[in-house]
Structures are given as C-alpha cells and as structure tokens.
Amino acid sequence: MSDATSRTATKRAAPSLDAARISVSLTSVHKVEADGVQVFYRTAGEANRPAILLLHGFPSSSFMFRELIPRLADDYRVIAPDLPGFGFTEVPPERQYSYTFDRLALTMEAFTQALKIDRYAIYVFDYGAPTGFRLAMAHPDRITAIVSQNGNAYEEGLGEAWGPIRKYWVAPTAENRDILRQSILTAGGTRWQYTHGVANPESVPPESYTLDTALLERAGNREIQLDLFLDYASNVKLYPKFQEYFRKSKPPLLAIWGKNDPFFIPAGAEAFRKDLPSAKVQFLDTGHFATETHVVEIASAMKDFLAANGPNRPATESAAQR
C-alpha cells in the first residue's frame, strides 16, 4: 500500500436527528518510507490544522487509537504511526534494523520529516513515552505539548510487574529471556495487560488484544520484543535526562493515567510535578490500556488541555514560556 493507493480522508454525515447533522472525521491509512522502513500510519483531520502525534506502546499499534483519532480530528491533524516491530509497519530484512529505543526515535523523527510535520503535540503511552521524550529532547522547539497516558519517566512510576524484566536486565541469560517469552509473550499475557485493573474485564473489546496476539505470532517478532525488553533499561538510565528536559523546556503536560496499571503506577504520574509544577494530573479508574475503557474521558481532557496549552499557541508564545 502507498499513499497513492490509500483511502482518502472524507467527511461522513450521520443520519439526522431532529434535523441535526453530525460530521464525523474518517480515519485513513497510509504507508510512507522513513529511515529505510515502510511506516504504516493512521490519520484524520485537515492538513492545515495543528498536529498531534500519537505514539503507542507494547504490544499494541496505532489500532489502540481507533476511537480516539476521530474524536480529536475536528480540531487537529491527528497522526498515529506503528512503531517498527509493531502493527503493520514493515522493516525490510536487508535494512538490518536494530530494535532499540534510540533507533525507534530516529525512525519516528524521519517519519515526521517525511510528513513535513515540524511542530506538534505528542501523546505518549508505554513505549511511546521514551520514544517521544527522545524526540522532544532532540528538538524541544518542535514539541508544543505533551499528553502522557501511562507514559513513564520516573523510577517511582515502575510497578512490581516489571520484576521479571528487571531480572533480565541484571542477568540477560537465555533462561531469563525464555521466562519472558513464556510468560509475557503469550495470548494470556497480552489479554491480562488489557483487562487487569478494569472493573468489568469483559467490557474490553476483544479485537484489541486478539490483534496484538496475532501480530506477536509473526515469525521473528517475539525476538524483537525480547530485544526491546532488554533495551528498556536504557530508558531508565535516561530518566534524569528526560527530567532535565522537562525542567529546561517546560512543555505543557497532561498526565492522564489508568490508576490500576500494574506496570506504570500512579506515582509516575504525580512525579511529573517535581519538574513541571504546573503539570495537570488526572486519574481514571481503569488499567494500562485506558483508551479501551475511557476514551471519551481522555478525548475530553485532551481537548480542554490542548485548547489552553497546546499546538494552537504561536511558536513565539511557546518559546517565551520555556
């Protein structure tokens, strides 16, 4: 699939109710070459609107934003790529891609350049956080605002669920690697990530974790994920640098958090206020994948926050506040 053959974004009017017509922005799907990778992405909203880059986490893809994108697209240009190793992004074997968070960030930087996005807000979740924070550190002038949904940057935000992976960091043996392969990289492990901490686990749409499971099953993908588990230690080492960026650049930040997340616990959301005292922190009674159960609340909070602090602000105003 190429941009030329992708579906184009259109407007669809819903059936009228008492003569009222509702305009719904449709999401289109595309691929673009960036950093030697065919990056798959979803987008909606007019190209001349302020941009929001949505960065997903493990083990998901841009599919996790399927309900969020159209809720933002009336006001923003919303762009959600699949990171290399996830979703429908394709990495040619000859690319000899190195699955590290440094590399993911470089690919995402090339992606923004390919789409000619030079100023944007970022929504970061899980793996999207260390990826997005690297982008922000490299080019602070490009970042208009940050929405962190269970996207961590502090040691105190790492929950007990990281125990087996921490053990792997200390001793990256074949045995410890296999423990992660057999426990986390399974259908049951993926479903648990989606349903743990949710008041009614059956309310989580099964297509979410079913798609993730199918994509994890692709040949070689488990090894990619295990490499990224190991490299996640590099993110923890960078936490002080992320925090320095917050203090120096002072980006407007909304931390909206599933408070029952076993991986990134509420202390991680509260910690942003140490370096960004004006950060807005909001908790939701749900788990890790908060968009599966609370997308309406997240979209509403984002619209309010971005209207006051986000990409609508002129570049001069953003720079003056940093």
Between H56 and F125, ring centroids under 6.0 Å: no
Take Y41 and F111 through the test ring pair (Phe, Tyr, Trp, His ring centres under 6.0 Å) and record every step on the way to the result. CA-CA 10 Å; Y41 66 101; F111 171 75; 5.3 Å; yes
Qualifying residues under side-chain hydrogen bond (donor to acceptor under 3.5 Å, both in side chains), relative to Y154, sequence neighbours excluded: D275
Are F246 and F133, when compared by the centres of their aromatic rings, separated by less than 6.0 Å? yes
Consider only side-chain N and O atoms of N235 and R134, and report whether a donor and an acceptor are under 3.5 Å apart. yes
Step by step, work out the salt bridge (charged side-chain N to carboxylate O under 4.0 Å, His left out) result for D75 and K303. CA-CA 9 Å; D75 299 307; K303 283 192 167 187; 3.5 Å; yes
Under the criterion side chain to side chain donor-acceptor pair (under 3.5 Å), I'd like the reasoning laid out for D35 against T107: C-alpha separation, chi angles, the key distance, then a yes or no. CA-CA 5 Å; D35 190 28; T107 301; 2.6 Å; yes
Under a 3.5 Å cutoff, is there a donor and acceptor pairing between the side chains of N260 and D285? yes
Check whether the ring centres of W162 and F264 lie less than 6.0 Å apart, and answer yes or no. yes
Nearest 0.5 angstrom please: L83 CG to S62 OG, how far? 9.5 Å
Taking salt bridge (charged side-chain N to carboxylate O under 4.0 Å, His left out) as the definition, give me every residue that meets it alongside R177, ordered by chain and number, with sequence neighbours left out. E223, D227
Please step through salt bridge (charged side-chain N to carboxylate O under 4.0 Å, His left out) for the pair E175 and K167, ending with a clear verdict. CA-CA 11 Å; E175 179 183 4; K167 184 177 179 181; over 6 Å; no
Would you tell me whether T43 and S28 have side-chain atoms, one donor and one acceptor, within less than 3.5 Å of each other? no
Can you confirm whether the side chains of N221 and Q225 place a donor and an acceptor under 3.5 Å from each other? yes
To the nearest 0.5 angstrom, please state how far the CG atom of N309 sits from the CG atom of L253. 10.0 Å
Classify the ring geometry between F101 and Y232 as parallel (under 30°), tilted (30 to 60°) or perpendicular (over 60°). perpendicular
At what distance, to the nearest 0.5 angstrom, does CG of D126 lie from CG of L55? 11.5 Å
Between F63 and F65, is the gap from one ring center to the other below 6.0 Å? no
Nearest 0.5 angstrom please: T291 OG1 to H288 NE2, how far? 9.5 Å
Nearest 0.5 angstrom please: R222 CZ to I184 CD1, how far? 12.5 Å
Check the side chains of Y239 and N152 for a donor-acceptor pair under 3.5 angstrom, ignoring hydrogens and angles. yes
Within a strict 4.5 Å, meaning less than it, do heavy atoms of the Y194 and S60 side chains meet? yes
Give the intermediate values and the outcome of salt bridge (charged side-chain N to carboxylate O under 4.0 Å, His left out) for residues E155 and R166. CA-CA 12 Å; E155 280 269 8; R166 282 185 179 273; 3.3 Å; yes
